[in-house]
J.: 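Structure provided below as structure tokens; questions to follow.
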Amino acid sequence: MYFDAKEFGKRLHDVRTSRGITQEELAVCLGLASKQHVSCMENGERSCSIDLLIELSCILHVSTDYILMGSEPSKEEVKNDLLSIISELSMIAKKI
């Protein structure tokens, strides 16, 4: 398993366009000076920092796993994570 900048760029482009966001709009949301940075990422010519990756995932409503590697957690993993969080919150609520 390895990082493929071209595939990363393709996923970024596909998600961005499916959300109806232009490169310029995404650049503004990310606080970038121009859309050129977004264009270079989508073309696989440039990578991004971890901070920028996290912002991308939040803005585009996808996981960092998906943007980086093209995989999403399974429904079972998500369900287990949610149940664990609910359990932890219930214990905290009981202590209050």
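If you read the sequence from its start, that first residue is 1, and numbering goes on from there.
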J.: Is any side-chain heavy atom of M69 less than 4.5 Å from a side-chain heavy atom of D4?
T.: no
J.: List the residues meeting salt bridge (Lys or Arg N to Asp or Glu O under 4.0 Å) with D81, not counting sequence neighbours, and say none if there are none.
T.: none
J.: Suppose we screen for side-chain contact (heavy atoms from CB on, under 4.5 Å). Which residues come up paired with S34, at least two apart in sequence or across chains?
T.: Q36
J.: Going by side chain to side chain donor-acceptor pair (under 3.5 Å), name the residues that satisfy it together with E25, two or more places apart in sequence or in a different chain.
T.: T22
J.: Could you list the cluster mates of I85? Members are the ILVMFWY residues connected by side-chain heavy atoms closer than 4.5 Å, either directly or through other members.
T.: L89
J.: Out of curiosity, K79 NZ to S84 OG, how far, rounded to the nearest 0.5 Å?
T.: 13.5 Å
J.: By the rule that ILVMFWY residues connect when side-chain heavy atoms come within less than 4.5 angstrom, directly or transitively, which residues belong alongside I86?
T.: none
J.: Would you indicate whether the side-chain heavy atoms of E55 and I50 approach each other to under 4.5 Å?
T.: no
J.: Measure the spacing between CG of L26 and OG of S39 and express it to the nearest 0.5 Å.
T.: 11.5 Å
J.: Any ring pair (Phe, Tyr, Trp, His ring centres under 6.0 Å) pairs touching residues 5-27, not counting sequence neighbours?
T.: F3-F8
J.: Is there side-chain contact between L60 and I21, with heavy atoms separated by less than 4.5 Å?
T.: yes
J.: Before you tell me yes or no, could you show the steps for H37 and L32 under side chain to side chain contact (heavy atoms under 4.5 Å, CB included), namely the whole-Å CA-CA distance, both residues' side-chain angles and the distance that decides it to 0.1 Å?
T.: CA-CA 7 Å; H37 190 114; L32 301 173; 3.8 Å; yes
J.: Considering residues at least two apart in sequence or located in another chain, which fulfil the salt bridge (Lys or Arg N to Asp or Glu O under 4.0 Å) criterion with K6?
T.: none
J.: Using the test side chain to side chain donor-acceptor pair (under 3.5 Å), find all partners of D14 that sit at least two apart in sequence or belong to another chain.
T.: K10
J.: Please round to the nearest 0.5 Å and tell me the distance separating atom CG of L68 and atom OG of S47.
T.: 8.0 Å
J.: If I take atom SG from residue C48 and atom CE from residue M41, how far apart are they, to the nearest 0.5 angstrom?
T.: 5.5 Å
J.: Compare all side-chain heavy atoms of I59 with those of L30 and state whether any distance is below 4.5 angstrom.
T.: yes
J.: Give, for atom OG of S87 and atom CG of L82, the distance between the pair rounded to the nearest 0.5 Å.
T.: 12.5 Å
J.: Can you list every pair that meets salt bridge (charged side-chain N to carboxylate O under 4.0 Å, His left out) and has a residue in residues 87-96, with sequence neighbours left out?
T.: none
J.: For residues 42-54, which residue pairs qualify under salt bridge (charged side-chain N to carboxylate O under 4.0 Å, His left out), counting only residues two or more places apart or in two chains?
T.: R16-E42
J.: Output the rest of the hydrophobic cluster of V28: all Ile, Leu, Val, Met, Phe, Trp and Tyr residues reachable through side-chain heavy-atom contacts under 4.5 Å, sorted by chain and number.
T.: none
J.: Who are the side chain to side chain donor-acceptor pair (under 3.5 Å) partners of T64, not counting sequence neighbours?
T.: none
